[in-house]
Chemist: 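Here you go, one structure.
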Amino acid sequence: MYIDPRYSSQKCSKCGDIRKSNRKGSSYHCRACGFDIHSDLNASRNIAQAGISCLSRLHVNQPNVETV
């Protein structure tokens, strides 16, 4: 599965706010909610959440069950 990584390092994994100023090198500080975390960990959480969200929308074929 491919997850588009654009803005994943600028988006807050806690509140969802996206600002370029939230990330400074390896440090991430959300201007909206004050959340502090390593920028790579923040981005990986956003990518993981996008993957989980995408998986929950997949359609699963239901089995054909005949009753006698």
Side-chain angles (χ1 to χ4, degrees):
M1 165 185 319
Y2 174 77
I3 303 296
D4 188 356
R6 286 183 289 180
Y7 307 109
S8 62
S9 64
Q10 297 175 10
K11 179 180 178 183
C12 179
S13 59
K14 186 173 181 182
C15 75
D17 182 59
I18 300 174
R19 296 182 204 194
K20 191 173 183 178
S21 62
N22 284 344
R23 181 176 179 175
K24 297 286 186 200
S26 64
S27 130
Y28 180 88
H29 175 77
C30 180
R31 306 284 183 226
C33 71
F35 185 58
D36 282 311
I37 194 170
H38 190 281
S39 59
D40 290 342
L41 180 56
N42 181 63
S44 66
R45 286 182 178 183
N46 286 325
I47 291 170
Q49 185 57 46
I52 290 168
S53 175
C54 189
L55 281 176
S56 68
R57 289 179 286 189
L58 293 177
H59 296 288
V60 177
N61 293 334
Q62 297 297 319
N64 294 328
V65 179
E66 292 183 29
T67 57
V68 179

Chemist: Do the non-hydrogen side-chain atoms of Gln10 and Ile18 ever get within less than 4.5 Å of each other?
Modeler: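 Of all side-chain heavy-atom pairs linking Ile18 with Gln10, at least one is under 4.5 Å.
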Chemist: If we ignore hydrogens and angles and just use 3.5 Å, is the side chain of Arg19 paired with the main-chain N or O of Arg31 as donor and acceptor?
Modeler: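 Not a single qualifying donor-acceptor pair exists.
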Chemist: Run the side-chain contact (heavy atoms from CB on, under 4.5 Å) test against Ala48 and tell me which residues pass, sequence neighbours left out.
Modeler: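 Residues passing side-chain contact (heavy atoms from CB on, under 4.5 Å) with Ala48: none at all.
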Chemist: What is the minimum heavy-atom distance between Gly51 and Ile3, and which atoms define it?
Modeler: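 Here Gly51 and Ile3 meet closest at CA-CD1, 3.6 Å.
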Chemist: Determine whether Lys14 and Cys30 make a side-chain contact, defined as any pair of heavy atoms from C-beta on separated by less than 4.5 Å.
Modeler: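 Sidechains of Cys30 and Lys14: no contact.
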Chemist: Restricting to non-hydrogen atoms, name the atom on Gly34 and the atom on His29 that form the minimum distance, rounded to 0.1 Å.
Modeler: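 Heavy atoms of Gly34 and His29 come nearest at O-CE1, 3.6 Å.
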Chemist: Atom CG in Asp40, atom CD1 in Ile47: separation rounded to 0.5 Å?
Modeler: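 Asp40 CG to Ile47 CD1: 9.5 Å, rounded to 0.5 Å.
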Chemist: Drop me the distance from Lys20's NZ to Ser9's OG, to the nearest 0.5 angstrom.
Modeler: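 Spacing of NZ (Lys20) from OG (Ser9) equals 10.0 Å.
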Chemist: Please check if the side chain of Asp17 supplies one atom and the backbone of Cys12 the other of a donor-acceptor pair under 3.5 Å.
Modeler: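 It does not hold such a pair.
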Chemist: For Asp36, check salt bridge (charged side-chain N to carboxylate O under 4.0 Å, His left out) against everything at least two apart and list the hits.
Modeler: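 In terms of salt bridge (charged side-chain N to carboxylate O under 4.0 Å, His left out), with neighbours along the sequence ignored, Asp36 is linked to no residue.
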Chemist: Could you pull out the closest heavy-atom pair between Asn42 and Lys11, with the gap in Å?
Modeler: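 Distance-wise, the nearest heavy atoms are ND2-O, 2.7 Å.
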Chemist: Ser39: what forms a side-chain contact (heavy atoms from CB on, under 4.5 Å) with it, not counting sequence neighbours?
Modeler: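 Counting only residues at least two positions away or on another chain, Ser39 forms a side-chain contact (heavy atoms from CB on, under 4.5 Å) with Arg23, Ser26, Tyr28.
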